[in-house]
Protein chains: 4
Amino acid sequence: MPIEQDRSQFRHERILEAATRIFSQKGYHDAAMDDIAVESRTSKGGLYFHFPNKQTLFLALLDQMMGLLRARAEAAIAEEIDPIRKAEAALRVVLQTFASHRTLAQLFLVEALAAGREFHERMAASHRAFGALIQSHLDDAVRQGVIPPQDTALAGQVWFGALNEVVTTWLLSEPPGPLEEQYPALRALLLRSVGVPTARIFPAGEES
Amino acid sequence: MPIEQDRSQFRHERILEAATRIFSQKGYHDAAMDDIAVESRTSKGGLYFHFPNKQTLFLALLDQMMGLLRARAEAAIAEEIDPIRKAEAALRVVLQTFASHRTLAQLFLVEALAAGREFHERMAASHRAFGALIQSHLDDAVRQGVIPPQDTALAGQVWFGALNEVVTTWLLSEPPGPLEEQYPALRALLLRSVGVPTARIFPAGEES
Amino acid sequence: MPIEQDRSQFRHERILEAATRIFSQKGYHDAAMDDIAVESRTSKGGLYFHFPNKQTLFLALLDQMMGLLRARAEAAIAEEIDPIRKAEAALRVVLQTFASHRTLAQLFLVEALAAGREFHERMAASHRAFGALIQSHLDDAVRQGVIPPQDTALAGQVWFGALNEVVTTWLLSEPPGPLEEQYPALRALLLRSVGVPTARIFPAGEES
Amino acid sequence: MPIEQDRSQFRHERILEAATRIFSQKGYHDAAMDDIAVESRTSKGGLYFHFPNKQTLFLALLDQMMGLLRARAEAAIAEEIDPIRKAEAALRVVLQTFASHRTLAQLFLVEALAAGREFHERMAASHRAFGALIQSHLDDAVRQGVIPPQDTALAGQVWFGALNEVVTTWLLSEPPGPLEEQYPALRALLLRSVGVPTARIFPAGEES
DNA sequence: GATGAATGAGCATTCATTCAT
DNA sequence: AATGAATGAATGCTCATTCAT
């Protein structure tokens with residue numbers, strides 16, 4: 001019954017979209033399953049047919065988003081050869097993705113913590129994953145002698161924390177300004193933080 | 001009736017302490033006013049006499065904590081003359097304070113977001129305040145020519161974001177390791193990020 | 001605050017009465033906590049203040065009823081000296097109590113099983129208790145040589161089972177006839193079952 | 001299409017068997033139609049094709065069981081000539097059947113009440129039927145002068161009630177002991193209850 | 001000031017039943 | 001005949017907040 005399957009899958013996705021909207025509008029706790037049912041033009045029973053409970057539905061959203069970020073980041077990284085440029089690419093892509101998906105960013109950076117204890121471990125894992133990604137390329141850079149030996153694990157955390165803060169500030173500011181404009185300065189700060197020579201940071205000498 | 005006033009104030013504080021424990025144990029949403037009433041050996045009515053509602057009680061906690069952080073930071077800053085050392089002092093003190101008050105850190109960095117929309121603006125303000133503190137000293141450093149001109153507002157955000165991430169990771173890790181050991185490396189990264197000369201970062205040449 | 005206590009206790013009892021009515025009207029499962037709240041002129045929250053959940057409320061009812069039966073039976077038994085007469089008294093009193101409290105009987109004999117697994121053990125205990133009561137007096141009778149040695153535990157069960165069946169049939173019959181008229185014949189059957197001589201059963205020789 | 005008919009009938013039976021298992025495992029209310037569908041390797045739609053609703057499905061089970069009991073009892077009764085022995089046979093067979101089909105007994109004696117109001121009349125009818133069966137043979141016995149004239153309708157009820165209690169106690173006891181061992185003592189009690197001479201009850205004089 | 005009983009809106013979840021395919 | 005996705009009414013329970021005493 002491919003037709004039925006398609007329809008079911010379509011509804012599945014419609015629910016995910018609706019949930020994204022509702023959760024990021026109202027926050028995890030204030031979002032009622034009823035709201036999501038209405039928004040996805042489904043019945044409450046239909047919702048529960050596709051997702052066993054509210055928590056799982058929210059987790060599905062986070063996982064979906066992690067997948068998106070990871071895929072984009074990996075694609076961008078693959079296009080670069082130089083390890084520093086790889087790390088830069090990861091930073092840039094995540095910033096861009098958040099910039100163009102404010103709703104998702106809201107979910108990922110704010111609501112995920114707000115959703116309660118159960119999600120903390122999951123979030124910690126996401127943060128670790130991003131940190132590890134940066135770290136691996138910084139390690140390459142160290143190996144190649146581009147930057148001095150250092151605590152690259154911490155550097156990964158610092159990069160993600162900085163990104164996180166910039167995006168969160170943007171999320172909580174009303175009205176939101178252009179997030180992407182922050183990228184060059186952020187890039188400069190973070191590159192400098194790991195000891196990338198100034199010459200490499202400002203190729204044409206355009207110190208801000 | 002100064003005695004009664006004392007008693008009232010004493011109870012006020014007992015409630016705050018109890019609330020701190022309960023909120024950081026259970027999280028904002030899962031903490032019931034009942035729990036706090038019991039923990040503070042008061043009645044529910046008593047609670048509501050001192051605080052008009054749950055939100056306000058939680059806000060009082062955040063404000064108290066902000067006050068503590070601010071006081072400590074300002075004291076530490078006042079002891080330094082050099083602007084870079086002032087900025088460093090702020091960073092160090094906040095890290096130390098969180099390290100020695102895990103419960104407060106939990107509340108401030110995790111639960112505050114979890115508490116819902118109503119707190120977002122407040123949190124944004126806290127973040128801005130810390131960022132501005134760092135920024136002001138970095139601006140002095142720029143003025144003195146110690147570091148190059150740059151987007152010091154962003155730098156302030158980056159410093160706080162980095163700190164935030166490091167502490168949060170520590171909060172969510174089981175079992176928690178020693179947070180303060182991270183300080184030297186974090187300091188180095190952040191000083192370097194704003195262009196402090198390596199010679200100043202590692203005075204005796206002890207590159208890690 | 002004895003006044004408040006009184007009021008609270010009064011409400012407690014009003015809830016129990018309302019619950020008795022609703023449960024025996026609709027049965028355990030079809031009785032909604034809402035129904036009971038309305039019937040007891042309370043709010044749902046008020047209900048839950050007095051009883052932590054539906055099950056506990058129902059159990060309180062059963063316990064209350066067990067207490068009533070036990071008290072009446074013991075009082076009646078205490079008035080008799082002869083062990084056979086004591087056993088008879090228990091039988092008679094329980095029959096009478098059920099006859100005059102149809103609602104309670106419904107709850108005790110029908111709904112208690114219908115309420116589900118969780119109550120089975122409790123019901124089994126009630127049955128055992130009644131059986132043991134009969135048994136103890138039959139044992140006395142055996143000891144005194146009034147009736148032959150026999151499996152008095154089983155006899156206790158038989159007596160209660162017989163009573164149970166007669167009452168249940170009456171409960172389920174529409175319209176209900178006079179239950180107490182059944183007593184003499186039931187008494188005769190049960191006395192004969194344990195070997196009480198016919199002469200003692202029909203003192204004046206009034207065989208039915 | 002006899003083959004299809006067979007298949008349908010086969011499925012019909014598979015559903016009944018599955019329902020028996022599920023209902024007696026979980027009880028009427030906690031048994032979900034979904035559970036039964038899975039257990040019978042059918043779909044929910046399939047279930048509803050064979051039985052219009054949950055109630056009807058459960059009734060079908062009860063009817064099936066009543067039929068089994070009736071058939072066995074009648075067969076056993078037919079083998080006896082003496083009316084007392086006929087009544088005894090009915091008693092013995094029902095006890096044996098319950099003893100060897102614990103699941104069915106559970107359904108018949110416990111869950112049937114738990115299933116709610118709608119089943120009460122049906123159950124009453126079953127009880128009446130068994131009572132009437134006993135009664136008819138006791139009436140014969142009275143007519144033949146084997147036992148004294150008495151309220152045989154009540155006696156039928158007493159016999160069934162006693163049996164019911166013994167079996168139910170066994171059902172609710174953990175772990176279940178051997179039910180059939182109770183038969184001789186139960187028989188003696190019940191025969192004596194209707195006035196069967198002791199000599200007939202213990203042919204070889206083996207008073208327990 | 002303090003108490004704690006009472007309120008009631010709110011919500012996640014279940015499940016018998018339906019029906020398009 | 002059979003499937004299983006969808007429906008939606010029903011319900012037990014929670015908890016911030018109020019208020020008579």
Side-chain angles (χ1 to χ4, degrees), chain A residues 1-5 7-12 29-37 41-55 57, chain B residues 1 4-5 7-8 11-12 29-38 41-57, chain C residues 1-5 7-12 29-37 41-55 57, chain D residues 1 4-5 7-8 11-12 29-38 41-57:
Chain A
M1 258 170 268
I3 293 171
E4 283 236 339
Q5 274 189 13
R7 188 162 14 167
S8 178
Q9 202 170 330
F10 182 57
R11 171 125 348 163
H12 194 94
H29 271 103
D30 290 342
M33 288 301 264
D34 253 325
D35 297 335
I36 298 173
R41 279 160 296 147
T42 323
S43 61
K44 230 177 340 180
L47 223 60
Y48 278 89
F49 182 80
H50 288 279
F51 299 93
N53 53 45
K54 192 179 179 180
Q55 217 177 103
L57 173 55
Chain B
M1 262 175 265
E4 289 239 332
Q5 271 188 18
R7 187 163 17 159
S8 176
R11 177 153 309 187
H12 194 93
H29 270 101
D30 290 344
M33 289 299 265
D34 249 325
D35 297 335
I36 298 172
V38 169
R41 281 160 295 148
T42 323
S43 64
K44 238 184 329 184
L47 221 60
Y48 277 89
F49 177 78
H50 288 279
F51 299 93
N53 52 44
K54 192 179 179 180
Q55 222 175 98
T56 305
L57 173 55
Chain C
M1 254 168 273
I3 293 169
E4 284 237 339
Q5 272 188 17
R7 185 157 20 159
S8 179
Q9 201 170 329
F10 181 57
R11 170 112 8 149
H12 194 94
H29 272 103
D30 290 342
M33 289 300 265
D34 255 324
D35 297 334
I36 298 173
R41 280 161 296 148
T42 323
S43 61
K44 230 181 334 184
L47 222 60
Y48 278 90
F49 182 80
H50 287 279
F51 299 92
N53 52 45
K54 192 179 177 180
Q55 217 176 105
L57 173 54
Chain D
M1 265 176 266
E4 289 239 334
Q5 273 188 18
R7 186 160 20 153
S8 175
R11 176 153 309 186
H12 194 94
H29 270 103
D30 290 343
M33 288 300 264
D34 248 327
D35 297 334
I36 299 173
V38 169
R41 280 159 297 148
T42 324
S43 65
K44 236 179 336 175
L47 223 60
Y48 276 90
F49 178 79
H50 287 280
F51 298 93
N53 52 45
K54 193 179 179 179
Q55 220 177 99
T56 305
L57 172 55

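OP1 or OP2 of F:dA2 lies within a sub-4.0 Å distance of a side-chain N or O belonging to D:His50. The phosphate of F:dT3 has OP1 or OP2 within less than 4.0 Å of a side-chain N or O from D:Ser43. Not one side-chain nitrogen or oxygen of C:Arg41 sits closer than 4.0 Å to the OP1 or OP2 atom of E:dA6. Between D:Arg11 and F:dA1 there is no side-chain N or O to OP1 or OP2 distance below 4.0 Å. Between E:dC15 and D:His29, no contact under 4.0 Å exists linking OP1 or OP2 to a side-chain N or O.
One interatomic measurement links the two molecules: OH of D:Tyr48 to P of E:dA20, which rounds to 17 Å at whole-angstrom precision. One atom, NE2 of D:His12, and another, C1' of F:dA1, lie 15 Å apart when rounded to the nearest Å. Atom CZ in A:Phe10 sits roughly 20 Å away from atom P in E:dA20 (whole-Å rounding). Atom CZ of C:Phe51 is separated from atom C1' of F:dG12 by 16 Å (rounded to the nearest Å). Computed from coordinates, the B:Leu57 CG to F:dC15 C1' distance equals 15 Å when rounded to whole Å. If you take CG of A:Asp30 and P of E:dA9, they are 18 Å apart, rounded to a whole angstrom. Rounded to an integer number of Å, the gap from D:Asp35 CG to E:dT14 C1' is 12 Å.
By the 30° and 60° cut-offs, the orientation of the rings of A:Phe51 relative to A:His12 is tilted.
Nearest to the side-chain atoms of D:Met33 among the listed nucleotides E:dA16, E:dC11, E:dG4 stands E:dA16.
Summarising the geometry, atom OG belonging to A:Ser43 is positioned 11.0 Å from atom CZ belonging to A:Phe49; distances are rounded to the nearest 0.5 Å. The distance from the NZ atom of A:Lys44 to the CE atom of A:Met33 is 9.0 Å, given to the nearest 0.5 Å.
A distance-only check finds a donor-acceptor pair linking the side chain of D:Lys54 to the backbone of D:Ala31 [under 3.5 Å].
Consecutive Watson-Crick or G-U pairs involving DNA chain F, each under 3.5 Å on both distances, make up stems of three or more pairs at E:2-21 with F:2-21.
The 5' end of DNA chain F is approached more closely, in terms of each residue's nearest nucleotide, by D:Thr42 than by the other of B:Asp34 and D:Thr42. Taking the nucleotide of DNA chain E with the nearest heavy atom to each of C:Phe49 and A:Gln55, the more 5' of the two is matched to C:Phe49. Sequence order on DNA chain E of the closest nucleotides to B:Leu47 and A:Lys54 puts B:Leu47 first from the 5' end. Two residues, D:Gly45 and C:Gly45, neighbour DNA chain F, and the one matched to the more 5' nucleotide by heavy-atom proximity is D:Gly45.
Across all their heavy atoms, B:Thr42 and B:Leu47 have their closest contact at CG2-N, 4.1 Å. Heavy atoms only, all atoms of each residue included: D:Leu57 and D:Ile36 are closest at CD2-CD1, 4.0 Å.
The residue A:Ala31 sits close only to the backbone: its heavy atoms come under 4.0 Å of sugar-phosphate atoms, none of a base. Nucleic acid contact for C:Lys44: base, since at least one base atom lies under 4.0 Å from a heavy atom of the residue.
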